[in-house]
Amino acid sequence: MAKVRTTAITSNILIKQAVDLLEAARHQAVRNTNSLMVFTYFHLGRLIVEHEQGGNTKAVYGQETIKQLSKELCKKFGNGFSQRNLEQIRTFFLIYRNRQKKLPIPQTPSAKSSLKSETAFQASFAEVFPLSWSHYVALCRIKDTAERSFYEIEVTQGNWSVRELQRQINSGLFERLTLSKDKKSVKEFARKGQLVEKPEDVLKNPYILEFLGLEEKNSYTESDLEKAIINKIEHFLLEMGKGFLFQGRQVRFSLDGEDFFVDLVLYNRLLQCFVLVDLKIGKLKHQDIGQMQMYVNYYDRYIRTKSEKATVGIIICKDKSDAVIEITLPENNRTIFAKEYKLYLPTKAELKRIVE
């Protein structure tokens, strides 16, 4: 019996190791394919631009050149090289052409390179263009250079899928984060992405909760909102910002025999602090702010350790009065914030008007 059990355990270990190996190989194959595709399209875009413009971006666009090239490539390689796709490839090169000097020199078809040099080539190219072709297609649709740079940094650091990238672009993440920033801060966003050093750095205005699937109406309750968030907790944490971890819902603590419940308790590993979230479907009242102040005080005095930073409280509400918030909280407040939420995606134009 013992021998059978040992054999079964050995078999399970073997299966797990084999699965891990094959999944790692598959993942690496996908990465290599993506890198090769981006590399190929970058240089194909270069060939198109150099042929039709002599490398001069101010020259007249040669529509006929792309039309003829598309016809020949589709005949030889299939429909993946439509006129529209070649225009995207051309645009990709024009936007990122300044990275050409950072790229490794490509091997010619006749070159006999070792596996080691080929691996080094792929690695160095992936450092310059770490994303998939689909990511770059989405990024190339962004006209503003600073905004495009910001999203490229965020998608690389956050390992966003193309779908998540598109959602963040559509919800105006860049505009919401830069709403209260000066020009210098916006330039830092474009150069470094979102740096999280203090509680204000993770706040957006407003939070966009369209992924919850709730209708834009007043008949649902705070409990409905909470349940919807829990059902979509992964999306909610991404919307909250960088470094958030979920700890619990309706977390109870007691004072003098009376129970209190925090709607959502999160932890931010970058700020190294607890983040308490209270949900309000109506207009924010001064009593709501006082309640959150009590929650924060309790966590600061009884829950957090000496190595952790001050607890942050965020009240997510349907409507708020900045005057009420300002007069209720201390002048030096740095830990309690009230932010509105929207159940629909505002247009990029609407967000840009707010920013401007």
Side-chain angles (χ1 to χ4, degrees), residues 19-20 22-42 80 84-85 88-89 91-92 95-96 99 122-123 125-178 189-190 192-196 201-202 204 206-214 228-246 266 268-270 341-348 351:
V19 169
D20 290 345
L22 293 174
E23 286 184 345
R26 181 180 294 178
H27 181 70
Q28 186 62 37
V30 170
R31 285 177 59 87
N32 291 345
T33 300
N34 275 325
S35 292
L36 184 59
M37 182 183 295
V38 174
F39 172 81
T40 302
Y41 288 172
F42 182 85
R84 180 174 177 275
N85 287 348
Q88 287 180 333
I89 290 170
T91 299
F92 172 61
I95 288 175
Y96 291 101
R99 296 188 186 180
Q122 291 173 343
F125 178 80
E127 288 180 6
V128 181
F129 289 109
L131 305 177
S132 73
W133 172 245
S134 298
H135 282 102
Y136 286 113
V137 170
L139 289 169
C140 285
R141 297 193 187 106
I142 302 174
K143 303 300 182 185
D144 183 77
T145 303
E147 183 180 355
R148 186 191 315 115
S149 175
F150 166 80
Y151 282 115
E152 184 175 6
I153 293 170
E154 290 299 308
V155 75
T156 303
Q157 293 179 349
N159 197 27
W160 292 350
S161 65
V162 177
R163 184 175 181 180
E164 181 60 28
L165 168 62
Q166 197 60 63
R167 180 192 171 270
Q168 296 290 6
I169 294 172
N170 291 341
S171 69
L173 174 64
F174 180 76
E175 288 86 355
R176 287 185 286 144
L177 287 174
T178 58
F189 264 50
K192 299 179 180 179
Q194 184 186 8
L195 299 179
V196 179
D201 293 336
V202 300
K204 302 172 187 175
Y207 289 110
I208 305 298
L209 307 180
E210 93 295 342
F211 53 81
L212 299 181
L214 292 172
I229 286 173
I230 295 301
N231 289 336
K232 297 279 188 178
I233 192 64
E234 182 180 357
H235 295 83
F236 179 71
L237 293 179
L238 283 171
E239 176 59 20
M240 286 296 290
K242 284 186 173 181
F244 280 98
L245 306 172
F246 175 70
L266 310 177
N268 192 286
R269 61 183 181 82
L270 301 179
Y341 69 86
K342 303 290 184 185
L343 293 178
Y344 60 92
L345 289 171
T347 65
K348 297 275 284 182
L351 280 167

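Residue numbers start at 1 and run along the sequence shown. None of these values were measured; they are calculated from a predicted model.
Put simply, CG on Leu139 and CD on Gln166 are 9.0 Å apart, with the number rounded to the nearest 0.5 Å. For the atom pair CZ (Phe174) and CD1 (Ile142), the distance works out to 9.5 Å, reported to the nearest 0.5 Å. For the atom pair His235 NE2 and Ile229 CD1, the distance stands at 13.0 Å (nearest 0.5 Å). Atom CD1 in Ile89 sits 9.5 Å away from atom CE in Met37 (nearest 0.5 Å). We find the CZ-CZ distance between Phe244 and Phe236 to be 8.5 Å, quoted to the nearest 0.5 Å. From Ser134, atom OG reaches atom CZ of Arg163 across 14.0 Å, with rounding to the nearest 0.5 Å.
For the pair Glu154 and Glu164, the minimum side-chain heavy-atom distance is 4.5 Å or more. Counting heavy atoms from C-beta outward, Ile169 and Arg141 have side chains that stay 4.5 Å or more apart.
Smallest separation of non-hydrogen atoms from Tyr151 and Gln168: OH-O, 3.2 Å. In terms of heavy-atom proximity, Arg99 sits nearest to Val128 at NH1-O, 3.1 Å. Of all the heavy atoms in Gly80 and Asn85, the pair that sits closest is O-ND2, 3.0 Å. Nearest heavy atom pair, residue Val162 against residue Ser132, reads CG2-OG, 4.2 Å. The shortest non-hydrogen separation linking Leu131 to Val38 is O-CG2, 3.7 Å.
The only member of Tyr41, Phe39, Tyr136 that meets ring-ring contact (aromatic ring centres under 6.0 Å, His included) when paired with Tyr96 is Tyr136.
Between the His135 side chain and the Trp160 main chain, a donor and an acceptor come within less than 3.5 Å of each other. A donor-acceptor pair under 3.5 Å is formed between the side chain of Thr156 and the backbone N or O of Glu152.
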Stepwise side chain to side chain contact (heavy atoms under 4.5 Å, CB included) test for Ile95 and Arg148: CA-CA 10 Å; Ile95 288 175; Arg148 186 191 315 115; 3.5 Å; yes
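Using cut-offs of 30° and 60° on the angle between ring planes, the pair Phe129 and Phe42 is tilted.
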